[in-house]
Peer 1: 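What follows is a structure written as structure tokens; I'll ask about it next.
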Amino acid sequence: MLELKNINTFYGNIQALYDVSLKVGHGEIVTLIGANGAGKSTTLMSICGATPPRTGEILFEGKPISGAKPNDIVSMGISQVPEGRLIFPDLTIMENLDMGAFLRNDKDGIKRDLDYVFGLFPILAERRKQAGGTLSGGEQQMLAISRAIMARPRLLLLDEPSLGLAPIIIRQIFDIVAKINETGTTVFLVEQNANLALKTAHRGYVMENGRIIMEDTSEKLLANEEVKKAYLGM
Ligand code: ATP
């Protein structure tokens, strides 16, 4: 579904990604793990068009998307949940969700997806008239994921959904990510919480200093001595 071929991404003169190649297949959850500053967010920003790679190629369902504008990339079926959620704090939950569906005009589909996210996160339904900024961190993460789903993506990109949340909430969020995947949405998950990410994903890539240094099934990565020592605290 998604293929990155030798992408090199820069911030001005500083190179953040070196020859990054990876694949995400239809129906998979694939995770990208790595330490602070490894280049995980930059990989997502490269995919969604915010920081396009200087060289290399990004293909979505076989078509090149590097260089496309972020809104066109959303229209093609890719939505991102950014690091730190970035919900609209002064808008209500309902208005935040409407923003997610901004590029759509299929009213019945929008209504169906709204029922779907309210089913996933009933608390959002209860508080639909409340300002987004008054929600707890976990609830804001739920809203950010729901807003992305309202764009009806075939590929959902998640940037560190666990950031700053209590373990019990993180587990809830990851369970929901697995559920979203089971209903047909492909997921690319960037995470520092390698343990939970690998337990949720089918496959994983490990990034260090802007380079992919390892790739395997989650099962094998969880059992890998190097990964255990560097990323799982074992
Ligand atoms: P974290 O988990 O802390 O978000 P990350 O793996 O997502 O880390 P990136 O945010 O992609 O890492 O950062 C990769 C490198 O690019 C880092 O060296 C970072 O300092 C640099 N970088 C990121 N954003 C910018 C920017 N806007 N301008 C300049 N350098 C940047």
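Counting convention: from 1, in listed order, for ligands and their atoms alike. Remember, predicted model here, so these are calculated numbers, not experimental data.
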Peer 1: Just jot down the salt bridge (Lys or Arg N to Asp or Glu O under 4.0 Å) partners of Glu61, sequence neighbours excluded, or say none.
Peer 2: Arg154
Peer 1: Sort out the contact shell of ligand 1: every protein residue with a heavy-atom distance below 4.0 Å, listed by chain and number.
Peer 2: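 Ligand 1 is contacted, at a heavy-atom distance under 4.0 Å, by Tyr11, Ala16, Ala35, Asn36, Gly37, Ala38, Gly39, Lys40, Ser41, Thr42, Glu83, Glu160, Gln192.
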Peer 1: For the residue pair Tyr18 / Thr9, report whether a side-chain donor-acceptor contact shorter than 3.5 Å exists.
Peer 2: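 Not at all, the side chains of Thr9 and Tyr18 share no donor-acceptor pair under 3.5 Å.
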Peer 1: Please give the remaining members of the hydrophobic cluster of Leu86, linking ILVMFWY side chains under 4.5 Å, ordered by chain and number.
Peer 2: none
Peer 1: Using a 6.0 Å distance limit plus a 45 degree cone around the ring axis, check whether Arg147 lies over the aromatic ring of Phe88.
Peer 2: yes
Peer 1: Which residues pass the side chain to side chain contact (heavy atoms under 4.5 Å, CB included) test with Asn209, sequence neighbours left out?
Peer 2: none
Peer 1: Do Asn224 and Lys220 have side-chain N/O donor and acceptor atoms under 3.5 Å apart?
Peer 2: no
